[in-house]
Q: 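Got a structure here, written out as structure tokens. Questions coming.
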Amino acid sequence: MHPLNTKMMQYNHQEIEKKWQKFWAENQTFKASNSSHLPKYYVLDMFPYPSGAGLHVGHPLGYIASDIYARYKRHKGFNVLHPQGYDSFGLPAEQYAIQTGQHPSKTTEENIKTYRRQLDKIGFSFDWDREVQTSNPEYYKWTQWIFIQLFNSWYNKNTDKAEDISTLITIFENEGNVNVNAVCDTETPEFSCEDWKQFSEKEQQQILLKYRLSYLSDTEVNWCPVLGTVLANDEIVNGVSERGGYPVIRKKMTQWSMRISAYAQRLLDGLSTIDWPQPLKDSQANWIGRSQGAMVEFKIQNSEFKIQVFTTRPDTIFGVSFMTLAPEHQLVLQITTPEQKVAVEAYIESTAKRSERDRMADIKTISGVFTGAFAEHPFTKKPIPIWIGDYVLAGYGTGAVMAVPCGDQRDYDFAKHFGIEIPNIFENEDISEAAHADKEGTVIANSDFLSGLSYKKALQKAIEALEEKGYGYGKINYRLRDAVFSRQRYWGEPFPVYYKDGMPQMIDKNHLPIVLPEVEKYLPTEDGKPPLGNAEVWAWDTKKSSVVSNLLIDNETIFPLELNTMPGWAGSSWYFNRYMDAKNANEFASKEALNYWKEVDLYIGGSEHATGHLLYARFWQKFLFDKGFVPVDEFAKKLINQGMILGESAFVFKATTFVKNGCDIDKSNDHVIEKIPTVFVSRNLFTSDNEFETVVKEYLLDKKLLNPNFVDLVLITKTPLHSDVSLVNSSNELDIEGFKNWRTEFKDSIFITEEDGTFKASREVEKMSKSKYNVVNPDEICEEYGADALRLFEMFLGPLEQTKPWKTSGISGVYSFLKKLWKLFYKEDLLLISDENPTSEEFKTLHKIIKKATEDIENFSFNTSVASFMIAVNELTALQCNKRLILEPLLILISPYAPHIAEELWRQLGHQNSISTAEFPIFEEKYLIESTKNYPISFNGKMRFTLELSLDLSLSEIEKAVLNHEKTMAQLQGKLPKKVIIVPGKIVNIVE
RNA sequence: GCUGAAGUGGUGGAAUUGGUAGACACGCUGGACUUAAAAUCCAGUGAGCAGUAAUGUUCGUGCGGGUUCAAGUCCCGCCUUCAGUACCA
């Protein structure tokens, strides 16, 4: 043994962590290179929106997990890309600007500084050279560029990919649009090549907009009047805005949209190629909502009109006994007979008045009106009454259904309610109580050429017949709608678009970025234009190719610019590609960088982005892939959703006193209450509300604060109040003085304490939030216990994906683990390390932990690997092991989790390089080979005792040894066992 | 309603292919050290019953069944909680 360092040393996390954070920054330890002979690995976190509140301990959970994995992969010899940045456009900074006039960029910059300071304290191995900020013009230049690419593309269903708009124009010029198989607006007129050539330029542009992947159209949008902006469907929760909870109404507006519907099938198919959590895939599949069926055309009797219907059950076409249209359906007013007109109009008016919320709230009420019109059944030619009803939604399918009451419960209920015929077209099925919606095992009856067929066969045959007779065709329908891409906000990416003769024109990519203009006010203008309408310098000079004053607009060479900005998801839909080459000024990323890094190997973030960010990002990636800009069409191979960390709120119980209602107390007796001070009662002094009241009254009587004559006139109830969690310790004791100083209105309150003089608060687990005073700041944890302890503890809380409560008191466990680890190296403040060969027991402990740590990290089971580190350190402490050959590999195993202490001890052992460059230890089976097994001996499956036996024994030798054992004989009491089960190396079970 | 996830000590959780349920921690109890506290260390800690004790024994993974030598784990039927989604034809 020799002391390497005689300096007095105790585990001092503050000193160590500062030292190594500085070292990593100065030495650029985690800088990733774009050219390396090593295999690549790309670990990504969902970048944060830098909010003013800063980070709480719930935020870094995913970052810690990804950082551990990134560090592990470096040890395993990978060239690891582990970047971080900020999704820095967003509503809060804008709302702050509206309130205070402070420019959102300033707020954002300040918040980013706070975030960075907090993140730096936790010791992440980010490559900050690649930082991106979506609100930075150098970044959004490329967001604008992608928008232009989308504008200049159409979706060719024949090649099943996006193509340049010029190929479409060529087709139009040569043969018109009759043979074009494209994803486009439903009401696109047919035209020939001659027609095309005769269209004016504006007419041609209007046609092309119906094909472009980003397009301008009049769409019904979700308008939020309070926020003054349009919201996407996923920004609305329960009918109100996700941010702020303001009401949302439907409104028609001219808006930019993204033709994501073109990618519906590929977005669905792609799910099977990526390793994402099944619930998340399910919710994307649900959102895309593919359903296979047929379009059927119904002629309306005595009229030119036809009704298109989408159905997933064309096999039940002979069961149709009525049709239902959405009240908003275009044809309703045109087909309604004069006798029904009044009733129909009244119904339409009443449904229009009902909000979405109302309609959702009462789905039980059946309502509808007969239009008086009849359609004709395509096969039987029988008349079918046409109704309207609000259970049919205008926004899905064609807004019309063919009702088959025997096979669909809603149709069934509607038919029952209005006394419409319910023909049964299923063999041996009872429909007297409810519809028969099962498909499997069902045989169709009373259906002409479909009778006797199973569901599957009937489906196929029905579609064939429809197509043959021209009554319809097989069709796949998707729930996924095109995404509205305009926002009436200031703090977002401006569009690279100006308007000439009312038609949008793209600004050439050489002139990007188009930078957000300065405005006086961040609110919409008085005449209802978006905030950019306040800008005075917001016009495009096509001659000078620059943004100029609005006063110069002449609509000849100088034109007005787009006033909307892009939505929050624009910048986050491609940022993972930018990290690959974050500083490139000429391309969004170089071909070399894209081909080297390809895609994200591991992506960690919250599941709340399932149908927003994660769907849009997949869409853009597929588009960029089609256009040859990126090498893969899915941007993230594996995704993990980290769970939420909940806060542990603390409550104190305040007594609220008032005079009982309705009793004949003289007004002058108000002093009865006035004299009574505010009282708080310790948690363990009562178990019920009655007891609470008694405790308070007894106390007040005892202290002469309540006149005994008034006792029965006074009512006392308990009110729980949130206390700041930092004022309550792990034994739930409240710091009374601290509480009084925190809530000065209670500084003269009385606290009824337990017998031992303590005041107990009660606890409840809730979401971490400022308003619940249960936010735990990671800075404070780093200060007191250190980043290594924070990292270990966040992992130790439980499985990564799971929601779990935070309890600061638990951190002492991992903190003392770190101190124990330190003590393996230091004895009496001296570093004592032996170079002797370890014993077989020491090797066994080491290789057990190598095996476990490797398996756990590969399975993202970080909580169990922390537990096994504790076991290893406990064992080595018991063995008094200080052998270099054991402790060095142990440090490497622990270093992804607790990098600062590992670096420090690694340096103390004499290494000059960062431990992050050390090779991960390799597990060797030979150290774990056992010669004996402590067999559990069970009787009828119940373990009674254990018996140490050699693993070399044969089955019969084991049986003999077990049966001859005195405890076995005692258990059997002379009886012969019925059966003896021996699983070698595992268990012995004796059946009595 | 539908889809998904989950129910294990006082608490967070462990048990990777059916094989000793409760690892590892927190908390609690007792002890050592200390004038004291903190820190540290040691011991105990699922519940019940019997025993001075060592120990023995019964019950125990949301509930009810089943398969198996053996079930937290597999099957059937329920209950509860959480999350997402919603009249999708």
Side-chain angles (χ1 to χ4, degrees), chain A residues 237-238 277-283 285-287 289-291 293 309-313 316 323-324 326 359-360 362-366 389-393 395-404 407-411 413-414 477-479 607-608 610-611 641 643-644 648 730-732 763 765 792-793 796-799 801-814 816-817 819-820 823 852 855-856 858-859 861 863-871 874 934-946 970 977-983 985-992:
Chain A
V237 178
N238 296 331
Q278 197 55 45
L280 195 147
K281 288 192 192 180
D282 290 345
S283 76
N286 228 325
W287 193 261
R290 176 192 155 110
S291 49
V309 158
F310 176 75
T311 176
T312 54
R313 295 294 302 274
T316 62
M323 298 185 75
T324 316
R359 272 169 83 162
M360 281 201 293
D362 102 295
I363 45 179
K364 296 255 152 59
T365 318
I366 294 161
D390 68 0
Y391 80 95
V392 176
L393 303 176
Y396 183 76
T398 61
V401 300
M402 56 173 234
V404 183
D408 182 282
Q409 194 57 44
R410 286 159 311 169
D411 295 345
D413 294 340
F414 196 88
N477 204 38
Y478 299 93
R479 196 183 81 111
S607 57
E608 66 273 20
T611 51
N641 292 128
M644 211 192 337
E648 210 195 17
S730 58
S731 311
N732 294 341
R763 298 279 197 170
V765 171
L792 282 169
F793 186 53
F796 190 58
L797 281 176
E801 299 92 331
Q802 203 170 298
T803 300
K804 49 214 173 266
W806 175 274
K807 239 193 196 172
T808 302
S809 61
I811 204 169
S812 63
V814 293
S816 57
F817 158 75
K819 287 189 280 190
K820 278 186 210 165
K823 280 190 193 158
K852 181 88 172 111
E855 285 169 0
D856 283 351
E858 296 281 4
N859 293 322
S861 177
N863 56 324
T864 52
S865 60
V866 175
S868 56
F869 291 145
M870 290 175 172
I871 296 171
N874 288 346
N934 198 20
Y935 278 96
I937 311 298
S938 54
F939 294 78
N940 296 330
K942 274 181 197 154
M943 205 282 287
R944 293 297 172 187
F945 62 93
T946 59
K978 282 190 189 139
K979 207 172 178 183
V980 180
I981 311 270
I982 298 167
V983 186
K986 278 218 164 139
I987 199 168
V988 176
N989 190 23
I990 295 164
V991 186
E992 288 183 70

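Heavy-atom basis, side chains included; hydrogens, waters and symmetry copies ignored. Below, chain A is the first sequence line, B the second, and so on; all start at residue 1.
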Q: Of all the choices, B:C88, B:A39, B:U16, which nucleotide is nearest to the side chain of A:Lys819 once you look at every atom?
A: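 Of the candidates, B:A39 comes closest.
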Q: Run the side chain to side chain contact (heavy atoms under 4.5 Å, CB included) test against A:Thr398 and tell me which residues pass, sequence neighbours left out.
A: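 Here the qualifying residues are A:Met295, A:Gln308, A:Ala400.
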Q: Sequence neighbours excluded, which residues qualify as salt bridge (charged side-chain N to carboxylate O under 4.0 Å, His left out) partners of A:Glu855?
A: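 With neighbours one apart ignored, the set is A:Lys851.
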Q: For a quick check of understanding: with a heavy-atom distance under 4.0 Å over all strands, which category does A:Val983 fall into, base, sugar-phosphate or nothing?
A: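 Touches a base.
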Q: Are any of the side-chain heavy atoms of A:Asp411 and A:Tyr391 separated by less than 4.5 Å?
A: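 In contact.
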Q: Where along nucleotides 45-50 of chain B does protein come under 4.0 Å, by heavy atom, of base (B) or sugar-phosphate alone (S), with - for untouched nucleotides?
A: ------
Q: Does A:Asp408 have any salt bridge (charged side-chain N to carboxylate O under 4.0 Å, His left out) partners at least two apart in sequence or in another chain, and if so, which?
A: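 Checked A:Asp408 against salt bridge (charged side-chain N to carboxylate O under 4.0 Å, His left out); matches are A:Arg410.
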Q: For a quick test of reading the model: is some side-chain N or O of A:Arg944 closer than 4.0 Å to OP1 or OP2 of B:U58?
A: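 Affirmative; the distance criterion is met.
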Q: Please identify each residue that fulfils side chain to side chain contact (heavy atoms under 4.5 Å, CB included) with A:Ser291, with sequence neighbours left out.
A: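 By the side chain to side chain contact (heavy atoms under 4.5 Å, CB included) rule, A:Ser291 matches A:Phe310, A:Thr312, A:Tyr396, A:Asn477.
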Q: The criterion is ring-ring contact (aromatic ring centres under 6.0 Å, His included); which residues satisfy it with A:Phe869, sequence neighbours excluded?
A: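 Residues passing ring-ring contact (aromatic ring centres under 6.0 Å, His included) with A:Phe869: A:Tyr897.
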Q: Under the salt bridge (charged side-chain N to carboxylate O under 4.0 Å, His left out) test, which residues partner A:Lys852, sequence neighbours left out?
A: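 Expected list: A:Asp856.
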Q: Test of understanding: with side chain to side chain contact (heavy atoms under 4.5 Å, CB included), list the residues that count as partners of A:Val980, not counting sequence neighbours.
A: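 A:Val980 satisfies side chain to side chain contact (heavy atoms under 4.5 Å, CB included) with A:Glu959, A:Leu963, A:Pro977, A:Ile982, A:Val988, A:Ile990 only.
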Q: Could you encode protein contacts along nucleotides 20-25 of chain B as a string, one character per nucleotide from 5' to 3', using B for base contact, S for sugar-phosphate-only contact and - for no contact, with a heavy-atom cut-off of under 4.0 Å?
A: B--BBS
Q: Test of understanding: with side chain to side chain contact (heavy atoms under 4.5 Å, CB included), list the residues that count as partners of A:Glu608, not counting sequence neighbours.
A: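 A:Glu608 satisfies side chain to side chain contact (heavy atoms under 4.5 Å, CB included) with no residue once adjacent residues are dropped.
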Q: Polar atom pairs between nucleotides 1-9 of chain B and protein, under 3.5 Å, N or O only, would you list them?
A:
none

Q: Ignoring backbone atoms, establish whether A:Lys804 has a side-chain N or O less than 4.0 Å from OP1 or OP2 of B:G12.
A: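 Indeed not, no polar side-chain atom of A:Lys804 lies that close.
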Q: Represent RNA chain B in dot-bracket notation, 5' to 3'. Only Watson-Crick or G-U wobble pairs with both distances under 3.5 Å count; pseudoknot-style crossings use [ ] and interstrand partners use |.
A: (((((((..(((......[....)))((((((.......))))))(((((....)))))..(((((..]....))))))))))))....
Q: Give the C-alpha distance, both sets of side-chain angles, the deciding distance and a yes or no for side chain to side chain contact (heavy atoms under 4.5 Å, CB included) between A:Ile937 and A:Thr946.
A: CA-CA 5 Å; A:Ile937 311 298; A:Thr946 59; 5.9 Å; no
Q: Between A:Pro805 and A:Asn477, which residue's closest nucleotide on RNA chain B lies nearer the 5′ terminus?
A: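 The 5'-side residue here is A:Pro805.
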